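Okay, so here's the structure we're looking at.
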There are 2 protein chains.
Amino acid sequence: MTKPSETIAEIKNQVDDKTLSGQTTLALREAIIKGDIAPGEKLNEPKLAEQFQVSRGPLREAIRRLVAMRLVKHVPHVGATVVTLELKSILELYDVREALEGKAAALAAENMSQQDIEKLRAVLELHRQHSEDNPGQYMQTDGDFDFHYQIIKGSGNQLLTDQLCDELYHLIRMFRFQTSRFKSRSNRALIEHEQLIYAIEQRDPQLAEMLMRKHIARAKTAIKQALSNTEPAYTDLGSV
Amino acid sequence: MTKPSETIAEIKNQVDDKTLSGQTTLALREAIIKGDIAPGEKLNEPKLAEQFQVSRGPLREAIRRLVAMRLVKHVPHVGATVVTLELKSILELYDVREALEGKAAALAAENMSQQDIEKLRAVLELHRQHSEDNPGQYMQTDGDFDFHYQIIKGSGNQLLTDQLCDELYHLIRMFRFQTSRFKSRSNRALIEHEQLIYAIEQRDPQLAEMLMRKHIARAKTAIKQALSNTEPAYTDLGSV
DNA sequence: TAAGTTCTTATTGTCAACAATATATAGATT
DNA sequence: AATCTATATATTGTTGACAATAAGAACTTA
């Protein structure tokens, strides 16, 4: 019994539980990622509890979970605040992604079933089609992560998948939202994804890892260049 | 104002906060790692609250934090249970370590100060001395992780450090405790650590990363061999 | 006797009040 | 006027009681 391909939409709406605590986690998480609660802003428990129509118990549990996702920082007896994504933190995040997703690509080349590889091709094809149909339009970044997600899942490593898809992914989403003014239009990602699939099809873990690492490292470089300028301009962030 | 070198002991006793919730987290964490609460065992909230002399509130927060550390699994409306470290999970953990600590070693080669490198040498020297003074005795595994810890910290990447030292490290500790009957006596780790320092001193990120990855991959292989046998015998687990 | 069903019990989820701590304000002192 | 101190306020930490859900026991039925 194989699971149907899971899209990014399914991940997002992944309702881990129907408990108030779980629902509040989702609501609060989206509020933070979307910037409804600003970076650096304090999370006032009574106010938020009122806002989400729950008591402070579930709200505090939600905050704890967001701390685990690194969207929130917490100091005892002082409170929780939304993280501020400094350039330094983002670059750190991309170094971690490079390491983890690189390994994921290697494992995917070893472990992905032929069927999963076909699914991956389908995702890429959809992606390419969209780019052709909408030339000059910014990439659908979710489609991009769909691709990465399939590879991560294809690694067969549950710990790796949890770390990337459940935790770090939301940090990435938050960063993307904040920098959505830099709309990426490059089709370089498409080419690099194509190369990656080829390496996986060839069952070449080393090549797959190398390609994924370069892919992410390139995005990191683009981010550094784009954000270290005071006037950022519409630079291509590499869409990763 | 530079911080004094932090040993593994300091990490362990790192009292993040004096709150009941924080204290309970530490106590419960140690109870799980030491096996006082068995793998697979259910965490009964009223009983544990009674046992730790706190109400269920702080206890539940502690459980949430241990879920983030992956020491505990939680199902809504059912409860929390201590993780059972299957061979598969351990191998997954070591693949993640290989990726993350490999990158950490590369970054350490780039970023560690000359002074930090000297400290690292001192740790290794202490380690070597202990091995010479107690030939045939099992390695002080804490000393081993002291070495790894220094390198991780030396990477200068806070996210990486948090992931390895605050989260995954406790899983490793739990695994080590459970397999402490396999006392590692090899001095291969010592040799490999020596090579690693050399690479870092030479400011060679690629070599440092390669050496660290091989170091951990070798430990993974040793674990697989030791634990896939029904009668494990006293195999060298590589002490990583 | 075995399978299914209802009822009981135990456990988790949630709430609102209370206690402890930190922040903000106002006043006193140099 | 600026700084330190003491008080007042707001916020976090903690508790025990209540509600909702799931696991287990006893009963019924084939």
Side-chain angles (χ1 to χ4, degrees), chain A residues 13-32 36-84 166, chain B residues 13-32 36-84 166:
Chain A
N13 298 331
Q14 187 182 59
V15 186
D16 15 5
D17 53 74
K18 309 269 195 213
T19 62
L20 276 183
S21 163
Q23 299 290 355
T24 305
T25 304
L26 297 188
L28 185 55
R29 191 183 72 191
E30 294 308 303
I32 288 172
D36 297 338
I37 307 176
E41 192 173 333
K42 181 122 190 287
L43 297 182
N44 186 308
E45 292 180 7
K47 277 181 191 163
L48 285 173
E50 162 69 21
Q51 191 173 321
F52 289 117
Q53 292 290 311
V54 294
S55 74
R56 279 177 57 219
L59 183 86
R60 282 172 66 89
E61 278 208 24
I63 289 176
R64 283 278 172 226
R65 296 200 216 178
L66 296 182
V67 168
M69 287 182 201
R70 296 162 205 285
L71 294 175
V72 163
K73 289 206 180 305
H74 180 267
V75 179
H77 289 293
V78 173
T81 54
V82 177
V83 290
T84 56
D166 292 347
Chain B
N13 298 331
Q14 187 184 60
V15 186
D16 11 8
D17 53 72
K18 310 270 194 211
T19 62
L20 276 183
S21 163
Q23 299 292 350
T24 306
T25 304
L26 297 189
L28 185 56
R29 192 183 71 192
E30 294 308 303
I32 288 172
D36 296 339
I37 307 175
E41 192 173 335
K42 180 122 189 287
L43 297 182
N44 186 308
E45 292 181 6
K47 276 182 193 164
L48 285 173
E50 162 68 21
Q51 191 173 323
F52 289 117
Q53 292 290 312
V54 293
S55 75
R56 277 178 58 221
L59 184 87
R60 282 171 67 89
E61 278 208 25
I63 288 175
R64 282 280 172 226
R65 296 201 216 176
L66 296 182
V67 168
M69 288 183 201
R70 298 161 205 287
L71 294 174
V72 162
K73 291 209 178 305
H74 180 266
V75 179
H77 289 293
V78 174
T81 53
V82 177
V83 290
T84 55
D166 291 347

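Just the heavy atoms: all of them, side chains too, but no hydrogens, waters or symmetry mates, feed the values below. What you see is a predicted model, and the numbers here were worked out from it, not measured in a lab. The chains referred to below are lettered A, B, ... by the order of the sequence lines, with proteins before strands, and numbering in each begins at 1.
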Roughly, in whole Å, what's the span from [atom1] in [X] to [atom2] in [N]?
X      : N       : atom1 : atom2 : result
F52(B) : dT15(D) : CZ    : C1'   : 18 Å
E61(A) : dG13(D) : CD    : C1'   : 15 Å
E45(A) : dT14(D) : CD    : P     : 11 Å
L20(A) : dA20(D) : CG    : P     : 11 Å
K73(A) : dT12(D) : NZ    : P     : 18 Å
R56(B) : dA19(D) : CZ    : P     : 15 Å
L59(B) : dG16(D) : CG    : P     : 13 Å
E50(B) : dG16(D) : CD    : C1'   : 14 Å

Report which part of the nucleic acid [X] touches: base, sugar-phosphate, or nothing (heavy-atom distance under 4.0 Å, all strands).
X      : value
L43(B) : sugar-phosphate
G57(B) : base
K47(B) : nothing

Closest heavy-atom pair and its distance - K18(B), Q23(B):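 Distance-wise, the nearest heavy atoms are CA-NE2, 3.7 Å.
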Between which nucleotides of DNA chain C, 5' to 3', does chain B make heavy-atom contacts below 4.0 Å?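 Extent of the interface on DNA chain C: dT11(C) to dT14(C).
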Pairs under 3.5 angstrom only: tabulate donor-acceptor contacts from the side chains of residues 46-58 of chain B to other protein residues two or more places apart or in another chain.
| residue | atom | partner | partner atom | Å |
| --- | --- | --- | --- | --- |
| Q53(B) | NE2 | E50(B) | O | 3.2 |
| R56(B) | NE | E45(B) | OE1 | 3.0 |
| R56(B) | NH2 | E45(B) | OE1 | 2.9 |

Nearest-nucleotide 5' precedence on DNA chain D, V78(A) against P58(B):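 It is V78(A), whose closest nucleotide lies nearer the 5' terminus.
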For I63(B), which of L71(B), L43(B), T25(B) qualifies under side chain to side chain contact (heavy atoms under 4.5 Å, CB included)?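 Per the side chain to side chain contact (heavy atoms under 4.5 Å, CB included) rule, the option paired with I63(B) is L43(B), out of L71(B), L43(B), T25(B).
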Side-chain donor-acceptor pairs under 3.5 Å in residues 73-84 of chain A, sequence neighbours left out?
| residue | atom | partner | partner atom | Å |
| --- | --- | --- | --- | --- |
| T84(A) | OG1 | E86(A) | OE2 | 3.0 |

Where do R64(B) and S21(A) land on the side-chain contact (heavy atoms from CB on, under 4.5 Å) test, with the steps shown first? CA-CA 12 Å; R64(B) 282 280 172 226; S21(A) 163; 4.3 Å; yes
Gap separating the CG atom of L20(B) from the CD atom of E61(B), nearest 0.5 angstrom: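 The distance works out to 10.5 Å.
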With rounding to the nearest 0.5 Å, note down the distance linking CG in L66(A) to CD1 in I32(A).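 Here the rounded value is 5.0 Å.
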H77(A) side-chain proximity, nearest of dT15(D), dT11(D), dG13(D):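 Looking only at side-chain atoms, H77(A) lies closest to dG13(D).
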